[in-house]
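Chain A is the first sequence line, chain B the second, and so forth, proteins listed ahead of strands; every chain is numbered from 1.
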Protein chains: 2
Amino acid sequence: MTAIEDPGPLRPVTLADIAREAGTSASTASRALSGRGYVSDSVRDRLLAVADRLGYVPNASAQTLKQRTSRVVGVVVSALDNQFYAGLAAGVEQVLREANYQMVLLGDNSDAAEELAGVRTFVAMRTPGVIMTPVGAEASRLLLSHGAAVVEVDRRLSSAPCDAVVIDNERGGREATMHLIGLGHRRIALLGVATEWTTDAGRLKGYRTALRNARIPFDKRLVVRIPVRAPDTEARIEALLDTAAPTAVFAANNALAEQAWRVLRRRGLRIPGDVSLVGFDDVPWMEMVEPQITVVDQPTIELGRSAARLLLRRLHGGPSLAPEVDVLQPRLLVRGSTGAPPG
Amino acid sequence: MTAIEDPGPLRPVTLADIAREAGTSASTASRALSGRGYVSDSVRDRLLAVADRLGYVPNASAQTLKQRTSRVVGVVVSALDNQFYAGLAAGVEQVLREANYQMVLLGDNSDAAEELAGVRTFVAMRTPGVIMTPVGAEASRLLLSHGAAVVEVDRRLSSAPCDAVVIDNERGGREATMHLIGLGHRRIALLGVATEWTTDAGRLKGYRTALRNARIPFDKRLVVRIPVRAPDTEARIEALLDTAAPTAVFAANNALAEQAWRVLRRRGLRIPGDVSLVGFDDVPWMEMVEPQITVVDQPTIELGRSAARLLLRRLHGGPSLAPEVDVLQPRLLVRGSTGAPPG
DNA sequence: CTGTTAGCGCGTTCAG
DNA sequence: CTGAACGCGCTAACAG
């Protein structure tokens, strides 16, 4: 707009600069630019013009320091490169943006130490709230003890009561297993994660419930729980196939489903001819492969949106509000990877 | 550790608190905890113990305000849910973490306005540097004018000279096209993005070079450039197939490759029997589908790592350093989706 | 409606 | 080696 270029990176322009330029005090400039407090229209216009001309950008640190809180909310998820978590973050971001909050995203690689370190920088930033897929208990404890709101999403972990949004994992696990049983399977393997996460616990519970209802005895050799990011994941899946001879595999998350699928393919096993496969959490590849993968779909984006709404509610309502836990419903999508057992 | 719980969220503990508790001044506490300046060992130990006991977390805003810079570097990518950008961010994060910097990640949905808004909050945070996959020119201009370092990654856009790391897109485009020509194709479609991005420009240029070298006339009807996130992307691909009757499709990024693949499948066209397909940027589904997709692979993680290294170099070296542009090499992976043209 | 004063929490002189 | 004083940029009281 202006012909004169800004003075360059020499010194950032401050409120005092624009006040001086406009012939007012800094307080007035503050009121004009923040929109709070009385300022005459003429003065305000002049101030706004100067600020615009000088390319003024308020110093967020000074604001946060003064107001003792910021409009940044932290989000920490387990794996930035997993489409499930990416979708979650996208959902969070949508509603946060509408409420004029800024999302800051962090990945912790499912590592409690990394999670704690990340959360620590959030408390350092005086973030009013954090949304997280919890991996360790320390993190939310730290946050809470510093007065930050926390909402857990996807899984619950906090010992202290806090807002959360999850899905009905037990139902998802039950439906997947019942579907397999209905097809005639009796040797159904469960591939889960070796954690205390409520996601896996719920899916496992649903699996056991379905078996019990069908009077199928539980065989612990069919249940394999693999540590997150274990380097020998595929070997463990191979071992399962070798030792337990399942006719169907229920993989309790999208990453395990992918690994299982790869192992099955490498072995030349036909799906569902030799082994049926059902996944949990629908991701694009599942309907691109042949046959397409039967899967328990979850409302990923909505999970994120709900979490953000819960956080906003608490930021607005304060700590006296009773904790709210939203439970969303998964949905079984029957596709081509499940069929009758062989023989 | 301690039996006494911390006083709770009442008032955040400050340097003054821990100083008082330890019977020193705040300055000494500052020196002890930051590790800068002289402090006797005994005093330091006492201070550290108190800080630990009280759960002290330094106020990042105060630090940033005082030091006029922070250890947070901003990263803004086009699409958080695209595995390419996710990998990029992962690479950046790796080297930043080692250097004790904190990454703050933002997605801009390939929208210049969103990008600018995000970047504005980075300058508000007094972020010393930003790594970005640029979409509009304003963003880096703003950053630079405020004295922040910027490194462009994946594509270049800034009018002002700045550090960047890209791949040799022209070579990638050329090799993909030559591969197709070698197979006997003469009607090769190019699916690109309707932008000025150097990525697409380079790939297109490589495509044209390959055609020229092979004495194949350029047919503009074979080149379709689709706006990012266009709602009618698939229809445009359909139209290409209808009007230009290509025997091969070169999709210039992973998203377009996916869309093209879906259209081809829906139409019941055989790959490569009826149409060959080559993608750009290898992502997991490409080797899961049948046949697997021939693709120009790029060193995604390394792209991110290099960008971060470039940024650190500049943060350390200052603005007097000559801008450095790293060019990494792509690599053609020949798989099953390419074969001789029909007939 | 506007200016003055004061202080958020920290790091950095500069004396002692 | 340590403490006192000051100011980073901004905003909330409080006069006027």
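Counting only heavy atoms from C-beta on, Ser30(A) has its side chain closest to dT11(D) among dT2(C), dT11(D), dC1(D). Checking dG3(C), dT2(D), dG9(D) against every side-chain atom of Thr14(A), the shortest atom distance belongs to dG9(D). Nearest nucleotide to the side chain of Ala62(A), out of dG9(D), dG3(D), dT11(D): dG9(D). Comparing dC10(D), dT2(C), dC10(C) by their nearest atom to the side chain of Tyr38(A) picks out dT2(C). Closest to the side chain of Arg68(A), from the set dC8(C), dC1(D), dA4(D), is dC8(C). Nearest nucleotide to the Ser27(A) side chain, out of dG9(D), dT5(C), dA5(D): dT5(C). Of the candidates dC10(D), dT2(C), dG9(C), dG9(C) carries the atom nearest the Asn59(B) side chain, counting heavy atoms from C-beta on. When the nucleotides dA4(D), dT11(D), dC10(D) are ranked by their closest atom to the side chain of Arg36(A), dT11(D) comes out on top. Distance from the side chain of Ala26(A) is smallest to dT11(D) among dT2(D), dT11(D), dG3(D). Distance from the side chain of Tyr56(B) is smallest to dC10(C) among dT11(D), dC8(C), dC10(C).
The closest side-chain heavy-atom distance from Leu321(B) to Arg314(B) is below 4.5 Å. At a threshold of 4.5 Å between non-hydrogen side-chain atoms, the residues Leu303(B) and Phe84(B) count as touching. Put simply, the side chain of Leu33(A) reaches to within 4.5 Å of the side chain of Ile18(A), judged on heavy atoms. Between Leu65(B) and Asn59(A), some side-chain heavy-atom pair lies under the 4.5 Å cut-off.
For dC10(D), neither phosphate oxygen OP1 nor OP2 lies less than 4.0 angstrom from any side-chain nitrogen or oxygen of Gln67(A). Between Thr64(B) and dC10(C), a side-chain N or O to OP1/OP2 separation shorter than 4.0 Å is absent. OP1 or OP2 of dT11(D) sits under 4.0 Å from a side-chain N or O of Gln63(A). At the phosphate of dA12(D), neither OP1 nor OP2 sits under 4.0 Å from any side-chain N or O atom of Arg31(A).
The interatomic distance linking Asp45(B) (CG) with dC1(D) (P) rounds to 13 Å, in whole Å. Here the C1' atom of nucleotide dT2(D) and the CZ atom of Arg46(B) are 12 Å apart, to the nearest Å. When the C1' atom of dT2(C) is taken as reference, atom CZ of Arg44(A) falls 13 Å away, rounded to whole Å. Distance Arg20(B) CZ to dT2(D) C1': 18 Å, rounded to the nearest Å. Counting to the nearest Å, the P atom of dG9(C) and the CZ atom of Arg126(A) are 8 Å from each other. Rounded to an integer number of Å, the gap from CG of Leu15(B) to P of dA5(D) is 17 Å.
Of the residues near DNA chain D, Pro58(A) and Lys66(B), the one whose nearest nucleotide (by heavy atom distance) lies more toward the 5' end is Lys66(B).
For the residue pair Thr24(A) and Arg31(A), no side-chain donor N or O sits within less than 3.5 Å of a side-chain acceptor on the partner.
Heavy atoms of Thr24(A) sit under 4.0 angstrom from primed sugar atoms or phosphate atoms, though from no base atom. Ser61(A) comes within 4.0 angstrom of no nucleic acid atom, judged by non-hydrogen atoms across all strands. Counting any heavy atom pair closer than 4.0 Å across all strands shown, Leu65(A) reaches a base atom.
Salt-bridge formation is not detected for the pair Arg309(A)/Asp326(A): no Lys NZ or Arg NE/NH1/NH2 atom is positioned less than 4.0 Å from an Asp or Glu carboxylate oxygen.
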